[in-house]
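Let me begin by presenting the structure, written as structure tokens, before commenting on it.
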Amino acid sequence: MTSITSVELNYLVFRYLQESGFTHSAFTLGYEAGINKCTIDGNLIPPGALITFVQKGLQYLEMEANMSNNDVEMDEDFSFLQPLDIITKDVNQLRQMIKEKRKNIQKDKDKDKEKNKDKDKNKDREVDREHEAERGRVREKERHEKEEREKEREKAESNKEPEKQPEELADGDMVMDQEDKDAIGHEENGTSIGKEPMDIATASTQASQEACEIPGSDVTILEGHTSEVCACAWSPTGSLLASGSGDSTARIWTIADGLCKSGAQNSPLNVLVLKHVKGRTNEKSKDVTTLDWNGEGSLLATGSYDGQARIWTTNGELRSTLSKHKGPIFSLKWNKKGDYLLTGSFDKTAIVWDVKAEEWKQQFEFHTGPTLDVDWCNNVSFATSSTDHMIYVCKIGEIHPIKTFAGHQGEVNCVKWDPTGSLLASCSDDITAKIWCMKQDKYVHDLREHSKEIYAIRWSPTGPGTNNPNQQLILASASFDSTVKLWDVELGKLLYSLNGHKDPVYSVAFSPNGEYLAS
């Protein structure tokens with residue numbers, strides 16, 4: 001008899017978590033169950049394998065429960081069972097449930113037969129009553145006609161026909177005229193006696209709703225990674241693109257000017273492969289989970305599933321390896337000055353690294369759950385968020401948070417400071433995004449227009465402190481409800497909802513001039 005091993009089941013659950021967007025849970029399971037060590041070829045496992053496996057099992061149990069040992073044919077109706085019953089009860093209990101169901105169905109059928117008999121009897125009685133009533137109406141009609149004939153004879157004898165009074169007609173006309181005037185008066189006053197008027201919905205122009213389709217000739221596909229690409233980032237210089245993957249590598253692609261123009265795609269791409277493991281790739285513990293360029297674009301930092309941060313030159317040379325975390329690194333950021341690197345990890349801590357000295361400067365251990373995101377406010381202070389629903393603002397040299405923001409009711413997936421460093425935006429699994437200010441403990445705005453978890457937020461490069469100071473500052477939020485929403489941060493109101501996606505949205509980015517948004 002075929003049986004499934006615990007390793008195979010763990011892999012199916014791992015794949016289910018990845019496919020469902022539970023990235024952090026997948027990381028945790030993969031790390032603790034040693035998924036990277038299993039010999040299963042992931043390319044052979046179809047999407048939705050765990051769901052299919054469970055559904056097949058439920059269908060088998062349902063069929064087994066519906067068939068007794070002496071059944072030759074399924075003469076009786078097939079009884080469908082609830083999934084919870086199938087999971088929590090054995091086959092004998094399920095068969096007993098089906099017997100009870102069939103007994104109840106038979107009882108209901110017998111009751112229906114009795115009811116139908118009673119209905120037939122009542123119908124016969126009703127028909128008799130209708131016939132009797134009809135005969136009574138005929139007799140009444142004959143009597144009435146006889147009385148009418150008697151009255152006609154009496155009138156003929158008296159020869160006095162009553163004349164209709166014209167005044168009566170005039171009064172009737174006046175009444176009708178008054179009713180018409182009343183109706184006209186109501187209409188002139190904007191009220192309606194009949195049905196209410198329909199609401200008129202104004203629609204935005206078609207052009208504003210349509211997406212811009214990019215011709216295939218203007219698209220360049222960067223091929224080389226052998227597993228999913230987890231992160232990518234442009235260098236501030238503009239010509240280098242970094243990508244990180246589950247194949248245990250990061251890559252630096254040189255994108256020449258005009259590469260995406262028609263006819264330029266065939267030119268060879270210059271790419272550097274930054275290996276995070278010696279020997280074979282696709283080792284799960286070496287997944288590149290996050291990356292970030294320094295302000296000058298001269299150094300690339302990568303965070304990995306093995307808990308190490310690495311710093312690379314633009315030539316692909318490994319400059320330093322930073323080791324202290326005891327779990328996967330989920331987020332990593334350079335400060336603006338470029339002397340410190342900040343990392344957040346599954347081990348519930350955040351660490352500030354001195355890049356020049358190639359060692360950790362301070363470890364911040366405030367969270368009670370994995371640290372999901374980090375973001376610098378200035379060169380020495382930063383914010384962290386976690387699965388523990390909390391946000392802490394920390395400063396180098398301080399042993400306690402300088403500010404604590406509590407208000408979310410779910411995991412806080414992302415935190416981002418605005419261009420001036422005065423407002424902090426956060427988003428969470430509790431289906432809200434919030435805007436905070438260092439001058440108060442409670443949030444400034446609570447943004448509640450999404451219908452599912454919010455995974456990412458970004459500030460527009462507009463307003464004070466940017467190269468576009470005369471444009472309005474906007475916050476964008478991306479959600480599992482398949483929408484991207486744009487917010488007025490002064491009023492805390494929804495400006496636009498972008499509904500082009502059909503699946504969860506994981507990332508958003510503004511163009512440098514703030515005029516375009518990619519998702």
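Nothing here was measured: the structure is a model prediction, and the numbers come from that model.
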Does [X] reach the main-chain N or O of [Y] with its side chain, forming a donor-acceptor pair under 3.5 Å?
| X | Y | value |
| --- | --- | --- |
| Asp388 | Thr368 | yes |
| Asn335 | Tyr340 | yes |
| Ser381 | Cys394 | no |
| Asn315 | Glu317 | no |
| Trp334 | Asp292 | yes |
| Gln440 | Met438 | no |
| Asp481 | Ser451 | yes |
| Thr371 | Ser386 | no |
| Ser323 | Gln308 | no |
| Asn379 | Lys337 | yes |

Can you tell me how far the [atom1] atom of [X] sits from the [atom2] atom of [Y], to the nearest 0.5 Å?
| X | Y | atom1 | atom2 | result |
| --- | --- | --- | --- | --- |
| Tyr496 | Leu494 | OH | CG | 10.0 Å |
| Ile435 | Glu490 | CD1 | CD | 10.5 Å |
| Leu322 | Glu359 | CG | CD | 10.0 Å |
| Leu495 | Lys485 | CG | NZ | 12.0 Å |
| Trp293 | Ile252 | CH2 | CD1 | 4.0 Å |
| Ile402 | Cys377 | CD1 | SG | 7.5 Å |

Tell me whether Ile221 at atom CD1 has more than 12 heavy atoms from other residues, nucleotides or ligands lying less than 6.0 Å away.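 Incorrect, the count does not exceed 12.
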For the residue pair [X] and [Y], categorise the inter-ring angle as parallel (less than 30°), tilted (30 to 60°) or perpendicular (more than 60°).
| X | Y | answer |
| --- | --- | --- |
| His24 | Phe330 | tilted |
| Trp376 | Phe382 | perpendicular |
| Trp353 | His325 | perpendicular |
| Phe22 | Tyr16 | tilted |

Any donor-acceptor N or O pair under 3.5 Å, side chains Asp287, Thr289: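 Thr289 and Asp287 do not have a side-chain donor-acceptor pair below 3.5 Å.
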Between Lys502 and Ser482, does any side-chain donor sit less than 3.5 Å from a side-chain acceptor?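 No, no side-chain donor-acceptor contact under 3.5 Å.
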List the steps and the verdict of side chain to side chain contact (heavy atoms under 4.5 Å, CB included) for Phe405 and Val393. CA-CA 8 Å; Phe405 293 130; Val393 181; 3.8 Å; yes
Please evaluate residues Asn468 and Thr466 with respect to the criterion side chain to side chain donor-acceptor pair (under 3.5 Å), reporting the C-alpha separation (whole Å), side-chain torsions for both, the decisive distance (0.1 Å), and the verdict. CA-CA 5 Å; Asn468 311 291; Thr466 71; 4.7 Å; no
Could you walk me through whether Val505 and Leu498 pass the side chain to side chain contact (heavy atoms under 4.5 Å, CB included) check? CA-CA 11 Å; Val505 187; Leu498 310 177; over 6 Å; no
Step by step, would you call Thr384 with Phe364 a side chain to side chain contact (heavy atoms under 4.5 Å, CB included)? CA-CA 10 Å; Thr384 65; Phe364 299 82; over 6 Å; no
Please report the closest heavy-atom contact between [X] and [Y], naming both atoms and the distance.
| X | Y | result |
| --- | --- | --- |
| Leu29 | Asn10 | CD2-O, 3.9 Å |
| Lys403 | Asp441 | NZ-OD1, 2.7 Å |
| Ala26 | Gln18 | CB-CG, 3.8 Å |
| Gln362 | Glu398 | NE2-O, 2.9 Å |
| Thr462 | Asn513 | CG2-O, 4.4 Å |
| Glu453 | Ser479 | O-OG, 2.8 Å |

Under 4.5 Å between any side-chain heavy atoms of [X] and [Y], yes or no?
| X | Y | result |
| --- | --- | --- |
| Leu372 | Thr387 | yes |
| Leu50 | Arg15 | no |
| Trp459 | Leu473 | yes |
| Leu300 | Leu240 | no |
| Thr343 | Val374 | no |
| Arg448 | Lys434 | yes |
| Ile391 | His408 | yes |
| Val271 | Thr254 | no |

Salt bridge between Lys356 and Asp339, side-chain N to carboxylate O under 4.0 Å?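 Looking at Asp339 together with Lys356, the answer is no, because their closest N to O distance does not fall below 4.0 Å.
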One pair to check against side chain to side chain donor-acceptor pair (under 3.5 Å): Thr483 and His450. What are the steps and the verdict? CA-CA 8 Å; Thr483 72; His450 283 291; 3.3 Å; yes
Please say which of Gln363, Glu365, Lys326 ends up in a side-chain hydrogen bond (donor to acceptor under 3.5 Å, both in side chains) with Thr349.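 Checked Gln363, Glu365, Lys326 against Thr349; only one passes side-chain hydrogen bond (donor to acceptor under 3.5 Å, both in side chains): Gln363.
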Side chain to side chain contact (heavy atoms under 4.5 Å, CB included) for Ser385 and Asp373? Distances and angles first, verdict last. CA-CA 5 Å; Ser385 68; Asp373 197 21; 3.5 Å; yes
